[in-house]
Amino acid sequence: MRRSRKIFLGLLIAAGLCFGSVYLSEAEENRIRQEVSAQAISQNTIIPGGMPVGLYMETEGVLVLGTDKVASADGEEKEPAANIVKSGDYITGVDDREIKNKRELLDCVKDMTGEEVILHLTRNGEKIDVKMKPVCSAPKEYKLGIWVRDNTQGLGTITFLTGDGKFGALGHGIHDSDTNGLFHISKGTLYGTSIRKIKKGEHGEPGWIEGVIVYNKYNHLGTIEKNTEEGIYGTLSNADELFKNLTPMPAAAKEEVRTGPAVIRCMVEDEIQEYEIAVTEVNLNSREVNKGFMIQITDEKLLSVTGGIIQGMSGSPILQNGKIVGAVTHVLVNDPTRGYGIFIENMLEAAE
């Protein structure tokens, strides 16, 4: 993902009940859990993706990246927002004015008179109000001493399309590069893109895909509605433009994923192709939802083009035994041929 320019300013089992309880062995419990999960997921038939798209998202308010000192009109350095506003906060209003973007915040600052102002914030999902006094930096000019951002854009890969036009992509959330927090979005747009350049991954240096994205209504493909740890989700308004001659496939339950051969579907040349990989490790209880299993690129053709997994391939669907089992999410910096995948089950749950 390419960032925007910042500006300053479980299963619950009851025990000990005596109503004819049936006590199961651990193996039997696992078998039943697997059957129930497989039955639920097998009802999902989705179309695998693999094509790159351009992403543009706007924040829910204005994201605070940090605070800084400003020079006052009397020559002193002051930091008016220190210990009041925190990195990761979202400014949603100033006094009685709603704030949706940087421009609206800048307009508020221009109208300040030096009096104390109330900032309406969202912090860790909670709405709070704080008071602060802007610093006079020059006659009739005031500053808050806050670095902010209100949008992000970049390139990712579509993972799947559902029968009702919903898509899933990336397989991991988009985090702000300065705060490392999950980007809270108010809205977003999906755009068509074409690949211009590929930088091969090397030991210690991840590769990347560079695409050409034209951000206009003629290149509009759909809307982004959610940014979650399991990926981004929304609705395609122009599915025919992306999904051509692709066959729907059943989605696998996570218990169906096995170590061994598999393929990923992605577009690093002129068309979507399938490339051979190996699932090397499966962890059904990973603490990080988007690192459910490990993969290794084995296809010599793909290795010759990308060197392995590169930035921009996140979301590339992983297919095994006639089902879509997940998506590529991460690469190991010291070995670009290896990386992680998220279970498709987790992506579909997040899409609901």
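Keep in mind it's a predicted model, so treat the numbers as computed, not measured.
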Do Asn219 side-chain atoms and Val214 backbone N/O form a donor-acceptor pair below 3.5 Å?
-> yes
Take Ile174 and Leu55 through the side chain to side chain contact (heavy atoms under 4.5 Å, CB included) test and state the conclusion after the steps.
-> CA-CA 11 Å; Ile174 298 174; Leu55 313 169; 4.2 Å; yes
Counting N and O atoms only, with roles assigned by atom type, does the side chain of Ser186 sit under 3.5 Å from a partner on the main chain of Thr59, one being a donor and the other an acceptor?
-> yes
Between Tyr56 and Tyr191, is the ring centre distance below 6.0 Å?
-> no
Heavy-atom closest pair, residues His330 and Asn290 = CE1-OD1, 3.3 Å
Taking atom types as modelled and ignoring hydrogens, do the side chains of His184 and Thr122 form a donor-acceptor contact shorter than 3.5 angstrom?
-> no
Do side-chain atoms of Gln320 reach the backbone of Pro261 as a donor and acceptor pair under 3.5 angstrom?
-> yes
When rounded to the nearest 0.5 angstrom, what is the spacing between CD1 in Ile209 and CD1 in Ile195?
-> 5.0 Å
Between the side chain of Thr235 and the main-chain N/O of Thr223, is any donor-acceptor distance below 3.5 Å?
-> no
Do you reckon Met347 sits in the same ILVMFWY cluster as Tyr340, going by side-chain contacts under 4.5 Å, direct or chained?
-> no
Measure the shortest side-chain to side-chain distance between Pro336 and Ile309 over non-hydrogen atoms and say whether it is less than 4.5 angstrom.
-> no
What are the two closest heavy atoms between Gly88 and Thr179, and how far apart are they?
-> N-CG2, 3.8 Å
Would Leu63 and Asp178 count as a side chain to side chain contact (heavy atoms under 4.5 Å, CB included) if you check the C-alpha gap in whole Å, the side-chain angles of each, and the deciding distance to 0.1 Å?
-> CA-CA 10 Å; Leu63 172 63; Asp178 291 282; over 6 Å; no
Assign the ring pair Tyr233 / Phe160 to parallel, tilted or perpendicular, where the plane angle (0 to 90°) is split at 30° and 60°.
-> tilted
Thr159 side-chain N/O to Gly315 backbone N/O, donor-acceptor pair under 3.5 Å | yes
In plain terms, say whether Arg97 and Asp111 are close enough for a salt bridge, that is, a side-chain N and a carboxylate O under 4.0 Å apart.
-> yes
Distance from Glu79 atom CD to Leu144 atom CG, nearest 0.5 Å?
-> 12.0 Å
For residues Ala251 and Leu348, report the shortest heavy-atom separation together with the two atoms involved.
-> CB-CD1, 3.7 Å
Consider only side-chain heavy atoms of I, L, V, M, F, W and Y, link residues closer than 4.5 Å, and tell whether Val305 and Trp208 are in one cluster.
-> no
Go through Leu190 and Ile158 one step at a time and tell me if the side chain to side chain contact (heavy atoms under 4.5 Å, CB included) criterion holds.
-> CA-CA 10 Å; Leu190 215 60; Ile158 292 285; 3.8 Å; yes
Residues Ala81 and Gly145: closest non-hydrogen pair is CB-O, 4.2 Å
Would Glu58 and Lys100 pass as an ion pair if we require N to O under 4.0 Å?
-> no
Cluster overlap Ile277 with Leu332, hydrophobic side-chain contacts below 4.5 Å = no
If Ile, Leu, Val, Met, Phe, Trp and Tyr residues are connected whenever their side-chain heavy atoms lie under 4.5 Å apart, and connections chain through other members, are Val212 and Leu155 in the same group?
-> no
Between Arg265 and Glu274, is there a salt bridge with N-O shorter than 4.0 Å?
-> yes
For the atom pair CD (Glu271) and SG (Cys266), what is the distance rounded to the nearest 0.5 Å?
-> 11.5 Å
Apply side chain to side chain donor-acceptor pair (under 3.5 Å) to the pair Thr306 and Lys200, showing each step before the final yes or no.
-> CA-CA 4 Å; Thr306 66; Lys200 290 181 65 172; over 6 Å; no
Donor-acceptor under 3.5 Å (Asp335 side chain, Thr337 main chain) = yes
Would Thr113 and Glu115 count as having a side-chain donor-acceptor pair, cut-off 3.5 Å?
-> no
Under 3.5 Å: donor-acceptor pair, side chain of Ser286, backbone of Val289 | no
Judged by atom type as modelled, is there a donor-acceptor pair below 3.5 Å linking the side chain of Thr92 to the main-chain atoms of Gly61?
-> no
Answer whether the closest heavy-atom distance between the side chains of Phe343 and Leu284 falls below 4.5 Å.
-> yes
Once you round to the nearest 0.5 Å, how far does CG of Asp176 lie from CZ of Arg149?
-> 4.5 Å
Has the side chain of Ser237 got a donor or acceptor atom that lies under 3.5 Å from a matching backbone atom of Leu221?
-> yes
Find out if a path of hydrophobic residues (ILVMFWY) with successive side-chain heavy-atom gaps under 4.5 Å connects Val62 to Met132.
-> yes
Quick one: closest heavy-atom pair of Asp74 and Lys78, and the distance?
-> OD2-NZ, 4.3 Å
Go through the steps to decide whether Phe167 and Ile224 satisfy the test side chain to side chain contact (heavy atoms under 4.5 Å, CB included), and finish with yes or no.
-> CA-CA 9 Å; Phe167 74 86; Ile224 300 170; 4.2 Å; yes
Identify which one of Val325, Ile324, Ile344 satisfies the side-chain contact (heavy atoms from CB on, under 4.5 Å) criterion when paired with Pro317.
-> Ile324
Any side-chain heavy-atom pair from Tyr90 and Ile99 closer than 4.5 angstrom?
-> no
The reported gap from NE2 in His120 to CG in Asp95 (rounded to nearest 0.5 angstrom) is 6.5 Å
Reported CD-to-CD distance for the pair Glu230 and Glu349, which is rounded to 0.5 angstrom | 8.5 Å
Answer yes or no: is there a donor N or O on one side and an acceptor on the other, between the side chain of His175 and the main chain of Phe183, under 3.5 Å?
-> no
For Val135 and Ser72, which heavy atoms make the closest approach, and how far apart are they?
-> CG1-CB, 3.7 Å
Taking the side chain as every heavy atom from C-beta outward, state whether Thr157 and Val328 have any pair of such atoms under 4.5 Å apart.
-> no
